[in-house]
A.B. asks: 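Have a look at the structure that comes next, please.
Position 1 is the first residue of the sequence, and the numbers go up from there.
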Amino acid sequence: MKLKTTLLLCLGLAIQAMAQDWSNYTPLKSKGLIPADFTEAYSKKYKRESAQIGGSTKKERERQEDFYLRNEYHIDEFLISGEVIFGDTITDYCNRILDHLLKDDPGLRHKLRIYTVKSPQVNAYATGNGIIFINLGLMAQVENEAQLAYVIAHEVIHYKNEHVLNQYIEKEKIRDGEDLYHQSNQSEQLNALSTYSKSLELEADADGFNQYFKNSGYSHIAPIYVMDVLQYSYLPFDELVFDTTFIHTAGMSLPQEYYLKSTAPITAEADYDDSQSSHPNIKTRKLEIIKKLNPKDSGASYLISKPTFEHCQRLARYESSRLYLNSGRYAQAIYHNFLLSEKYGTDRYQELSTAKALTNATIYRNEGVLYKLVDNWEDIEGESQQVYHLLDKFEREDLNTLAVAYNYELYKKYPEDEAVQKLFTKSMYELVFENDLKPDDFIAAKEAEVEEDDLFSLLDSASLPARRTARSSKIANIQKKKKEYNDRELEDDEYYKGAFVPYWRDSLFITTFEDIAAEYEGMSYRERKSRDSRRRRQKYDPNYALGIDSMVCVSPEYAKLDERQKDGIRYLSSDQSQDEYMERLMDISDKIGLHTQMLDY
C-alpha cells in the first residue's frame, strides 16, 4: 500500500510539473540550487583539472596545461552567458535518460552533468570537464526518446575517451608540423585535422552504441533514424505547406503574386562532400552503424516517459519561437508559429509571437534595414521559403498596414491584454509617423460608417438615383469623383488601402487612428525632425538615455589582454582581478549616487 501511495505521489508531482498554460507560456528558466559549475571560481576549476596533466615530454604536458587553461575559461564564459539553464524540466528529463544509460557505471555518472542551452540549433556537445550541453533545437526535432538517448550516449563517449583534449593536442601537432605532419602544407593540415575529427565522431557513434545504448532497452534502429534528423536539421521542425491565409486579416488578403507558385526543393544529401568537415557525412555514419553494429529494430522508443518527452519537446518548440524573435529572425518566427498552430492548435502565445514578428519587421522595414535580418528568400529551401519571399515582396506601407490590422484583430480577441494593446498602438504610430498615412488615405472609410441605414445615404447625394434639385458643378463634381474613387478597383501596389474597411465602425480603432494622426499633424516640421533624431539616437546611441538612478549589473566580466598570448587573454590574471573589478564598480556607483544591484553566480 505504501508503495502504491508513493507511486501515485510521484505521478501526481510529475503531472503537476508538466502543467503548462500554453496560451500564456513563460520562458524556460533555471530552478533550484545553483550547481557548482556556475559558482566555483575559474582558477579552482583550472587547478583541479590541471592536476590530471601527464605525459612523457615537456611539450606534451605544456599542451595539456594550455588546454585546461583555455577550456575552463571558455566554458565558464558560456555558463554565465545566460544561454545555459539548470533545474528545468528538459534538463531534468535528459538527466533521467543519462541515469538510465549509466545505471551500471555510477562512477562515470557521478562525473557527468547535463544542462540545457537556449539555442534553436540542432546540436549537443560534451566538454572536457564532464558537462553535456543539450540545445533546445535538438529536443525540438528528435522523433522520440530513444533518439535523444543515443545522442547522449554519443556525447558520453566524447567525454570518457577524452576526445576534446585529444583533438586539441592533435590540432597543435598539425599546426606545428610535428611527427607525420612535418612536411605538410596548409591544405594537407586542414585535411588531416578534418580526418582526425571525423575519426573521433565515428568512434563516439560506435562506442556510444556498444557501451551504453545497445543493452539499454531502447530501439536499435534509433541511431539510424537520428541521422536523418541531423541531415535535415537546418530546416524547421516540420515541413508543411504554408497556409496563405495564416496572416490574412478580415480586410486584407495578400495578392497572389506575393506567393511563390512552388518553393525550392530540399537539396540535403546524405553523401555530401565532408572533406573539410569536422563530422563524417550522414551516409558514412549510417553505413558504419549498420556495418559494425548490425542494429535490429528491438527495444522501445520510450523508457522514461513518452508524455514527458512530448511535453519537453513542446517546451523546446515554444521557447524556440521566442529565441527566433529575440535574434531578429522574423521569417523563421512566423513559419515556426504556423507549425505550432498546425501541430498543437492556435493559442494566444503563437498569435502574440506572430504579432511581434510582424511589428518588429515593420519597424526594420521602415528603417530600411529589414534585409539585414531576413535571409535572401532565394537561399532558403522548403516550405518556409514562402514566408521569406513574402517579407521580401512587402513594401513598407503594406507591411505596416498588415501589422496594424493583425494587431487590432488580436486586440479585439484579447481586449485585456496589455502586450497586444502596446503592439497595436506601436504599429499605428509607425503607420502614421513613418509612412505619413492617415484615415483619409484608406478606401471606403466613410461608406463603411453609413452602409446600414438608408437615411444616411441622403448625406451623400451622389448615391441618389435621380436629382430633383440641381446642384452646383463644384459639389456635383466632388461627389462624383469621390464615388468613383471609392468604387474603383485598387491597383496592385495599393491593395492595402482597403485593409481597414471592417474596422471603420469600431470606435476604438478610428479614435486611435485619428488621435495619432492628429498628434502627427499638430507637430511642426522641426518637431518631426527632432523626433526622428531622437528615434535614431535611442536606437544607436547608448549614452542618450540620461536620468538613470538605479542599475542591475549581471555577471560582469573582466579580461586582461596580452597580445603576446596566443589568443590575447591572460586567463588566471583575469580571474584574479574579477572580484576587484566588481568591488570597484560598486564603489563608483556609491560615489555617484547610482543604486546598483550586482547579480552574479
A.B. asks: Answer whether the closest heavy-atom distance between the side chains of Asp392 and Tyr388 falls below 4.5 Å.
C.D. replies: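 Asp392 does not reach Tyr388 side chain to side chain.
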A.B. asks: Salt bridge check, Glu418 against Lys422: does any charged N sit closer than 4.0 Å to a carboxylate O?
C.D. replies: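 Between Glu418 and Lys422 there is a salt bridge, with a charged N closer than 4.0 Å to a carboxylate O.
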A.B. asks: So, using ring-ring contact (aromatic ring centres under 6.0 Å, His included) as the criterion, who are the partners of Phe394 when residues are at least two apart?
C.D. replies: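 Tyr258.
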A.B. asks: Roughly how far apart are Asn337 CG and Gln332 CD, rounded to 0.5 Å?
C.D. replies: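 Nearest 0.5 Å value for the CG-CD distance: 11.5 Å.
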A.B. asks: For the atom pair OH (Tyr371) and OH (Tyr364), what is the distance rounded to the nearest 0.5 Å?
C.D. replies: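 It is 13.0 Å, given to the nearest 0.5 Å.
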A.B. asks: Using modelled atom types only, decide if a donor and an acceptor are shared between the side chain of Asp441 and the backbone of Lys438 within a distance under 3.5 Å.
C.D. replies: yes
A.B. asks: Are the side chain of Ser427 and the backbone of Phe424 linked by a donor-acceptor contact shorter than 3.5 Å?
C.D. replies: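 Yes; judged by distance alone, with no hydrogens or angles, the pair exists.
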A.B. asks: Quick one: are the ring centres of Phe38 and Tyr115 less than 6.0 Å apart?
C.D. replies: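 Yes, they do, as the ring centres are separated by less than 6.0 Å.
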A.B. asks: Just wondering, more than 12 heavy atoms not from Leu33 lying within 6.0 Å of its CG?
C.D. replies: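 Result for CG/Leu33: open.
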A.B. asks: Looking at Leu254, is its backbone amide N or carbonyl O close enough to the side chain of His248 to form a donor-acceptor pair, meaning the two atoms are under 3.5 Å apart?
C.D. replies: yes
A.B. asks: Decide yes or no on side-chain contact (heavy atoms from CB on, under 4.5 Å) for Thr354 and Phe246, but give the supporting numbers first.
C.D. replies: CA-CA 10 Å; Thr354 300; Phe246 182 67; 4.0 Å; yes
A.B. asks: I'd like to know if the side chain of Glu145 and the backbone of Ser305 have a donor-acceptor N/O pair within less than 3.5 Å.
C.D. replies: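 Checked: pair present.
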A.B. asks: If the plane angle is over 60° it's perpendicular, under 30° parallel, otherwise tilted; pick one for Tyr503 and Phe500.
C.D. replies: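 Geometry flag for Phe500 against Tyr503: tilted rings.
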A.B. asks: Is Met252 close to Asp398 at the side-chain level, that is, under 4.5 Å between some pair of heavy atoms?
C.D. replies: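 Counting from C-beta outward, Asp398 and Met252 do come under 4.5 Å.
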A.B. asks: Quick one: does Asp88's side chain have a donor or acceptor within less than 3.5 Å of a partner on Thr91's backbone?
C.D. replies: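 Pair found, side chain donor or acceptor close to backbone of Thr91.
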A.B. asks: Taking only residues two or more places apart in sequence, or in another chain, which ones meet Phe133 in a ring-ring contact (aromatic ring centres under 6.0 Å, His included)?
C.D. replies: Phe78, Tyr125
A.B. asks: Just to verify, which of Thr401, Asn435, Thr362 counts as forming a side-chain hydrogen bond (donor to acceptor under 3.5 Å, both in side chains) with Arg396?
C.D. replies: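 Exactly one candidate clears the test, Asn435.
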A.B. asks: Run the side-chain contact (heavy atoms from CB on, under 4.5 Å) check on Trp377 and Lys393 step by step: do they pass?
C.D. replies: CA-CA 10 Å; Trp377 66 269; Lys393 291 289 289 184; over 6 Å; no
A.B. asks: According to side-chain contact (heavy atoms from CB on, under 4.5 Å), who are the partners of Ala355, at least two apart in sequence or on a separate chain?
C.D. replies: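 Ala355: side-chain contact (heavy atoms from CB on, under 4.5 Å) contacts with Tyr406, Asn407, Leu410, Leu423.
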A.B. asks: Holding to side chain to side chain donor-acceptor pair (under 3.5 Å), I want the full list of residues that pass it with Ser327, two or more places apart in sequence or in another chain.
C.D. replies: Arg329
A.B. asks: How close do Asp436 and Tyr520 get, counting heavy atoms only, and between which atoms?
C.D. replies: OD1-CE2, 3.1 Å
A.B. asks: I'd like to check the side-chain contact (heavy atoms from CB on, under 4.5 Å) partners of Gln313; sequence neighbours left out, ordered by chain and number.
C.D. replies: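 Applying side-chain contact (heavy atoms from CB on, under 4.5 Å) to Gln313 gives Met139, Phe309, Arg317.
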A.B. asks: Using the side-chain contact (heavy atoms from CB on, under 4.5 Å) rule, take Leu28 and Leu136 through it: C-alpha gap first, then chi angles, then the decisive distance, then the call.
C.D. replies: CA-CA 10 Å; Leu28 283 174; Leu136 289 174; 3.8 Å; yes
A.B. asks: Given side-chain contact (heavy atoms from CB on, under 4.5 Å), test Thr308 with Tyr302 step by step and report yes or no.
C.D. replies: CA-CA 10 Å; Thr308 303; Tyr302 302 93; over 6 Å; no
A.B. asks: If the plane angle is over 60° it's perpendicular, under 30° parallel, otherwise tilted; pick one for Phe509 and Phe513.
C.D. replies: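 Plane angle over 60°, so perpendicular.
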A.B. asks: Over 60° means perpendicular and under 30° means parallel, so classify the ring planes of Tyr496 and Phe442, tilted if in between.
C.D. replies: perpendicular
A.B. asks: Applying salt bridge (Lys or Arg N to Asp or Glu O under 4.0 Å), which residue pairs with at least one partner in residues 337-362 are found, sequence neighbours left out?
C.D. replies: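 Listed once each, the pairs are Arg348-Asp417, Glu351-Lys413.
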A.B. asks: Under a 4.5 Å cut-off applied to non-hydrogen side-chain atoms, are Gln350 and Ser321 in contact?
C.D. replies: no
A.B. asks: Do the non-hydrogen side-chain atoms of Glu381 and Tyr234 ever get within less than 4.5 Å of each other?
C.D. replies: yes
A.B. asks: Distance from Leu325 atom CG to His336 atom NE2, nearest 0.5 Å?
C.D. replies: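 The NE2 atom of His336 is 10.0 Å from CG of Leu325, to the nearest 0.5 Å.
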A.B. asks: Regarding Tyr225 and Asn144, do their side chains bring together a donor and an acceptor under 3.5 Å, going by distance alone?
C.D. replies: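 Distance-only check fails for Tyr225 and Asn144.
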A.B. asks: Specify whether Phe338 and Phe242 have parallel, tilted or perpendicular ring planes, treating 30° as the upper limit for parallel and 60° as the lower limit for perpendicular.
C.D. replies: perpendicular
A.B. asks: Does Asn135 reach the main-chain N or O of Gly137 with its side chain, forming a donor-acceptor pair under 3.5 Å?
C.D. replies: no
A.B. asks: Regarding Asp92 and Lys31, does a basic nitrogen lie under 4.0 Å from an acidic carboxylate oxygen?
C.D. replies: no
A.B. asks: Report the distance from atom SG of Cys312 to atom CG of Leu148, rounding to the nearest 0.5 Å.
C.D. replies: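 Taking SG in Cys312 and CG in Leu148, the distance rounds to 9.0 Å.
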A.B. asks: Near Glu519 CD, under 6.0 Å, is it more than 12 heavy atoms from other residues, nucleotides or ligands?
C.D. replies: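 Atom CD in Glu519 is crowded, with more than 12 foreign heavy atoms closer than 6.0 Å.
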